[in-house]
Amino acid sequence: MSQLHAPVLAWYQTHARSLPWREPSASAWGVLVSELMLQQTPVVRVLPAYRQWMRTWPTAGHLAEASVGEAIRAWGRLGYPRRAVRLHRAATVIVADHDGEVPSSLAELRALPGVGEYTAAAVASFAFGQRQLVLDTNVRRVLARAVAGVELPARTVTSAERELAGTLLPSDPATAAGWAVGVMELGALVCSAASPACGACPITAQCRWRELGYPAHDGPRRRAQTYAGTDRHARGALLGVLREAAEPVTRSRLDAAWTHHEQRERCLTSLLVDGLVVRLAHDRYSLP
DNA sequence: GAACCGTGGTA
DNA sequence: TTACCAAGGTT
């Protein structure tokens with residue numbers, strides 16, 4: 001039993017944010033929706049989209065009945081709209097293969113579109129109370145600092161991280177689930193990437209990084225995420241036109257949204273391939 | 001393993 | 001202003 005458990009569990013009880021997908025009434029479907037939306041998108045921006053989404057499609061069955069385009073439009077500006085397509089496809093699989101209920105096994109969750117190692121463990125833990133290794137960016141950062149004594153974790157999850165997290169995971173499922181969400185919340189609210197609030201941290205006394213004098217990250221910096229002028233930027237501009245349009249749009253409307261001809265063609269093709277856009281007759285375009 | 005996939009807030 | 005970051009997944 002680690003010295004980290006009790007302080008983190010107690011801290012979570014008094015400091016956890018009240019979030020709709022954490023309510024006792026939240027369904028496994030709600031948890032799954034929240035996890036997809038939260039992939040690389042901050043909580044504050046997810047909240048309104050999540051509420052609207054769950055009002056519109058309270059179950060996987062409801063979403064499966066809707067068109068992909070409706071899902072993409074409801075995704076709004078959360079970013080990475082392929083996640084909306086994946087969530088819609090996941091709903092279809094849930095209806096077809098799981099009688100409309102979000103599966104509880106890690107393997108079945110992992111098989112859903114858009115559900116990777118982290119999301120499968122998160123849903124199994126948060127929605128079903130299982131003992132799972134929930135290794136997101138927050139948990140990885142907290143463990144890197146508190147246990148490994150370094151400012152930031154490696155670029156990708158390492159086997160050493162999995163072993164460490166596994167060692168720290170309480171044996172009792174309910175406690176393990178509480179620990180998982182607690183460490184994650186601690187990383188989100190206190191042990192943040194840029195400016196950790198060590199004065200408010202419940203485990204400063206056990207923190208190796210603090211003990212070592214807060215050594216700065218020495219490895220290579222993360223690759224800068226340039227955006228202006230990239231294909232992501234162009235795709236966003238093109239899709240934005242279709243998202244805001246009530247009717248299919250003409251080719252000239254898309255041409256006006258991104259002037260660089262070659263890049264526009266490449267991105268439009270990739271949007272079609274990704275299932276985010278469909279081409280209709282007379283060279284008109286719309287959401288699927 | 002690394003590149004790619006949106007968007008907006010913060011320092 | 002540029003750089004970094006945000007509950008990752010897929011190829």
Side-chain angles (χ1 to χ4, degrees), chain A residues 12 16-17 19-22 26 30-50 72 75-87 89-90 109-127 132-142 151-159 177 180-189 191-196 216-217 220-243 257-258 263 266-267 269-271 273-277:
Chain A
Y12 183 78
R17 289 168 292 184
L19 301 170
W21 46 87
R22 286 182 182 163
V31 173
L32 179 63
V33 170
S34 76
E35 290 302 335
L36 265 292
M37 288 186 169
L38 287 164
Q39 290 170 1
Q40 301 288 281
T41 303
V43 167
V44 289
R45 283 174 47 210
V46 164
L47 279 171
Y50 173 85
I72 295 170
W75 198 257
R77 304 184 64 81
L78 291 181
Y80 293 143
R82 290 193 295 189
R83 291 181 291 165
V85 177
R86 291 172 185 154
L87 184 51
R89 289 176 183 161
L109 286 166
R110 184 67 182 75
L112 297 174
V115 177
E117 180 179 343
Y118 158 76
T119 302
V123 174
S125 178
F126 303 158
Q132 297 286 354
L133 224 56
V134 182
L135 264 186
D136 82 319
T137 188
N138 292 303
V139 175
R140 296 183 62 218
R141 188 173 55 250
V142 171
E151 183 182 13
L152 298 170
R155 194 179 300 264
T156 57
V157 177
T158 65
S159 56
V181 73
V183 179
M184 190 181 301
E185 189 77 338
L186 186 64
L189 298 183
C191 196
S192 59
S195 54
H217 180 65
R221 309 295 296 184
R222 295 186 184 185
R223 188 181 64 82
Q225 300 182 56
T226 54
Y227 182 66
T230 61
D231 283 7
R232 298 224 290 276
H233 190 180
R235 284 166 53 105
L238 294 171
L239 192 65
V241 171
L242 301 182
R243 192 168 53 224
W258 197 264
Q263 185 179 30
R266 179 176 66 245
C267 290
T269 297
S270 72
L271 287 168
V273 169
D274 287 347
L276 286 161
V277 174

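Order of the sequence lines sets the chain letters (A, B, ...), proteins ahead of strands, with each chain counted from 1.
In terms of position on DNA chain C, the residue among A/Arg86 and A/Met184 whose nearest nucleotide sits closer to the 5' end is A/Met184.
When heavy atoms are screened at a 4.0 angstrom cut-off, A/Arg110 is found touching the sugar-phosphate backbone but no base atom. If you check every strand for non-hydrogen atoms under 4.0 Å, A/Leu36 touches nothing. Using a 4.0 Å heavy-atom distance criterion, A/Arg243 is classed as a sugar-phosphate-only contact. Residue-level contact check: A/Thr41 touches the bases, meaning some heavy atom is under 4.0 Å from a base atom. Nucleic acid contact for A/Arg82: base, since at least one base atom lies under 4.0 Å from a heavy atom of the residue. In this structure, A/Ala122 reaches neither bases nor backbone, as no heavy-atom distance under 4.0 Å exists between it and the strands shown. Within 4.0 Å (heavy atoms only), A/Trp75 reaches no atom of the nucleic acid at all. Across all strands, A/Gly79 comes closer than 4.0 Å to base atoms (heavy-atom distances). Among the atoms of the strands shown, none is found under 4.0 Å from any heavy atom of A/Asp274.
Comparing the C1' positions of B/dG1 and C/dT10 gives a spacing of 13 Å, expressed to the nearest Å. Taking the P atoms as reference points, B/dT10 lies 14 Å from C/dA7, given to the whole Å. Comparing the C1' positions of C/dA6 and B/dG6 gives a spacing of 12 Å, expressed to the nearest Å. B/dT7 and C/dT11 have their C1' atoms separated by 22 Å, given to the nearest Å.
Side-chain atoms of A/Arg83 come within 3.5 Å of backbone atoms of A/Leu78 as a donor-acceptor pair (strictly under, hydrogens ignored). Using a distance-only test at 3.5 Å, with no hydrogens or angles considered, no donor-acceptor pair links the side chain of A/Arg243 to the main chain of A/Gly236. No side-chain donor-acceptor contact under 3.5 Å links A/Arg77 to the backbone of A/Arg45. Judged purely by atom type and a 3.5 angstrom limit, A/Arg140 uses its side chain to pair as donor or acceptor with the backbone of A/Thr156.
Considering only residues two or more places apart in sequence or on other chains, A/Arg82 meets the side-chain contact (heavy atoms from CB on, under 4.5 Å) condition with A/Arg86, A/Arg235, A/Asp274, A/Leu276. With sequence neighbours left out, the side chain to side chain donor-acceptor pair (under 3.5 Å) criterion links A/Thr119 to A/Gln39. Every side chain to side chain donor-acceptor pair (under 3.5 Å) that A/Gln263 has, sequence neighbours left out, goes to A/Asp231, A/Trp258. Evaluation of the side chain to side chain donor-acceptor pair (under 3.5 Å) rule for A/Tyr118 yields A/Glu35 as partners, not counting sequence neighbours. Scanning for side chain to side chain donor-acceptor pair (under 3.5 Å) contacts around A/Asn138 gives A/Asp136, A/Arg141, with sequence neighbours left out.
The distance from atom CG of A/Leu87 to atom P of B/dC5 is 21 Å, rounded to the nearest whole Å. In this structure, A/Phe126 places its CZ atom 11 Å from P of C/dG8, rounding to the nearest Å. If you measure from atom CG of A/Leu271 to atom P of B/dC5, you get 10 Å, rounded to the nearest angstrom. Per the geometry, CD belonging to A/Glu185 stands 10 Å off P belonging to C/dA7, to the nearest Å. To the nearest angstrom, P of B/dA3 lies 18 Å from CZ of A/Arg235. For A/Ile72 and B/dT7, the CD1 to P distance is 12 Å, given to the nearest whole Å. Spacing between atom CG of A/Leu186 and atom P of C/dA7 amounts to 12 Å, rounded to whole angstrom units. A straight line from CZ of A/Arg83 to C1' of C/dG8 spans 9 Å, rounded to a whole angstrom.
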Between the protein and nucleotides 9-11 of chain B, which nitrogen or oxygen pairs come in under 3.5 angstrom?
none

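Listed nucleotides B/dA2, C/dG9, C/dC5 differ in distance to A/Ala193; the shortest reach to its side chain belongs to C/dC5. Here the side chain of A/Arg17 is nearest to one of C/dA7, C/dG8, B/dT7, namely C/dA7. Considering only the side chain of A/Thr156, B/dG1 comes nearest among B/dG1, C/dG8, B/dG6.
For C/dG8, the base has no donor-acceptor partner in the side chain of A/Thr137 [N/O atoms by modelled type, under 3.5 angstrom].
Side-chain nitrogen and oxygen atoms of A/Gln40 include at least one within less than 4.0 Å of the OP1 or OP2 phosphate oxygen of C/dG8. In this model, the phosphate group of C/dG9 is not approached by any side-chain N or O of A/Tyr118 to a distance below 4.0 Å at OP1 or OP2.
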